[in-house]
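What you see is a predicted model; the values in this text were computed from it and never measured.
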Amino acid sequence: SRHLQGVQVLSNGVLHFAALGALMLAIARLEEALWSARKQAMHDPLTGLLNRRALKEFAGDALARTKAMREPLTAVVVDCNDFKKLNDRFGHHAGDHVLQILARVLESETRQMDLIARTGGDEFVLVLPGSDELEARRVMARIERAFEARIANAGYSTSLAVGLASVLEEDGSIDTLLRRADRNMYSEKVQYKKRAYLN
């Protein structure tokens, strides 16, 4: 009788540990699925870059750190000149290819600490912590050269419009900084169209 009781206790213990192991495995798989879903919700499916929502979250943190440490930070808004014409001429698959090329160039010419996002259509945003406007312009010069070469190799014709804005004391949120960068980019696009018209 005691022997049978001992076997039963041992058996119950084994079943308990097996059930606990199965539960822990199920929890681990659920956590992995939730992380995967969160990661997908934070990234643009076409380019793999951060999306607008994730950019706001991470860039807000970067801006707060920058202001606390009194360090520079520059936001850059980038889009492709004549992107609609490119889509109309070569098709939307070509437009998607151009956006993917630009995404890879932005990744290869920036640091791991920099934030890169596709915020919609052909518009991209970079947030460069620790970089003043002069350093950001150097980064963008490298990006424009690399993009021009990659685009020429792919057989397309487009260029980048770029707007920069470095953080000021009065910038209370990342939105104000991005609005300034966006206005500067729009001004550059207007100049580009004037030059194209004159040519």
Side-chain angles (χ1 to χ4, degrees), residues 43-44 46-47 49-60 62-63 66-67 72-90 92 94-107 109-110 114-152 154 156-199:
H43 287 79
D44 168 56
L46 178 66
T47 62
L49 300 177
L50 295 175
N51 59 23
R52 181 185 290 274
R53 180 180 169 187
L55 173 73
K56 292 284 182 70
E57 183 180 331
F58 293 130
L63 179 62
T66 289
K67 297 194 92 170
L73 177 145
T74 302
V76 187
V77 177
V78 182
D79 80 5
C80 298
N81 289 311
D82 293 331
F83 187 71
K84 186 179 182 304
K85 286 183 183 176
L86 186 147
N87 266 334
D88 291 343
R89 182 179 175 190
F90 296 104
H92 287 283
D96 287 349
H97 188 205
V98 167
L99 297 179
Q100 289 167 336
I101 289 172
L102 178 52
R104 298 296 77 79
V105 168
L106 293 175
E107 285 179 324
E109 297 298 331
T110 52
D114 298 328
L115 300 174
I116 315 166
R118 180 188 176 208
T119 53
D122 62 324
E123 187 170 281
F124 294 75
V125 168
L126 292 84
V127 175
L128 310 175
S131 295
D132 59 17
E133 188 170 330
L134 182 61
E135 176 58 28
R137 288 192 182 281
R138 290 195 193 105
V139 171
M140 290 314 301
R142 288 200 313 267
I143 286 170
E144 290 186 80
R145 283 195 300 271
F147 179 69
E148 186 179 322
R150 293 280 303 273
I151 283 296
Y156 304 125
S157 177
T158 185
S159 59
L160 299 180
V162 176
L164 298 93
S166 290
V167 68
L168 302 173
E169 280 294 325
E170 58 266 29
D171 288 323
S173 73
I174 198 66
D175 287 328
T176 39
L177 187 63
L178 292 177
R179 277 196 293 271
R180 274 213 331 272
D182 195 56
R183 283 197 299 270
N184 292 338
M185 188 269 293
Y186 180 74
S187 297
E188 182 169 315
K189 277 189 93 67
V190 169
Q191 292 302 315
Y192 168 81
K193 286 179 180 176
K194 283 181 181 176
R195 290 194 298 271
Y197 175 77
L198 291 172
N199 289 337

Could you tell me which residues satisfy salt bridge (charged side-chain N to carboxylate O under 4.0 Å, His left out) with [X], sequence neighbours excluded, listed by chain and number?
X: E107; result: R104
X: R53; result: none
X: E144; result: none
X: E109; result: R142

Mind running ring pair (Phe, Tyr, Trp, His ring centres under 6.0 Å) on H97 and Y156 for me, showing each step along the way?
-> CA-CA 10 Å; H97 188 205; Y156 304 125; 5.7 Å; yes
Quick one: are [X] and [Y] in side-chain contact, heavy atoms under 4.5 Å?
X: L128; Y: V76; value: yes
X: M140; Y: V78; value: yes
X: I143; Y: T110; value: yes
X: F147; Y: L106; value: no
X: V77; Y: Y186; value: no

Where is the tightest heavy-atom contact between [X] and [Y], given as atom of each residue plus distance?
X: I101; Y: A154; answer: CD1-CB, 3.9 Å
X: V127; Y: P129; answer: O-CD, 3.2 Å
X: I151; Y: S157; answer: CG2-N, 4.2 Å
X: A146; Y: V105; answer: CB-CG1, 3.8 Å
X: T119; Y: R52; answer: O-NH2, 2.9 Å
X: L49; Y: A117; answer: CB-CA, 4.2 Å

Keeping the roles fixed (side chain from [X], backbone from [Y]), state whether a donor-acceptor pair exists under 3.5 Å.
X: E188; Y: A161; result: no
X: T74; Y: S131; result: yes
X: D122; Y: D79; result: no

State whether E135 and R138 are salt-bridged, where the test is any N-O pair (Lys NZ or Arg NE/NH1/NH2 against Asp/Glu carboxylate O) under 4.0 Å.
-> yes
Under the side chain to side chain contact (heavy atoms under 4.5 Å, CB included) criterion, do L126 and D114 qualify, and how do the steps go?
-> CA-CA 7 Å; L126 292 84; D114 298 328; over 6 Å; no
Could you tell me the separation between the [atom1] atom of [X] and the [atom2] atom of [Y], rounded to the nearest 0.5 Å?
X: N81; Y: L86; atom1: CG; atom2: CG; value: 11.5 Å
X: L115; Y: L50; atom1: CG; atom2: CG; value: 6.5 Å
X: D88; Y: F83; atom1: CG; atom2: CZ; value: 10.5 Å

Other residues, nucleotides, ligands: >12 heavy atoms within 6.0 Å of K84 NZ = no
side-chain hydrogen bond (donor to acceptor under 3.5 Å, both in side chains) partners for K85, two or more places apart = none
Please output the side-chain donor-acceptor pairs of residues 173-181 that fall under 3.5 Å, not counting sequence neighbours, one pair per line with the distance.
from, atom 1, to, atom 2, distance (Å)
S173, OG, D175, N, 3.3
D175, OD1, K56, NZ, 3.2
T176, OG1, S173, O, 2.6
R180, NH1, D171, OD1, 2.9
R180, NH1, D171, OD2, 3.2
R180, NH2, S166, O, 2.5

For the pair R118 and L102, evaluate side chain to side chain contact (heavy atoms under 4.5 Å, CB included) and give the outcome as yes or no after the intermediate values.
-> CA-CA 10 Å; R118 180 188 176 208; L102 178 52; over 6 Å; no
Worked check of side-chain hydrogen bond (donor to acceptor under 3.5 Å, both in side chains) between D82 and T158 | CA-CA 6 Å; D82 293 331; T158 185; over 6 Å; no
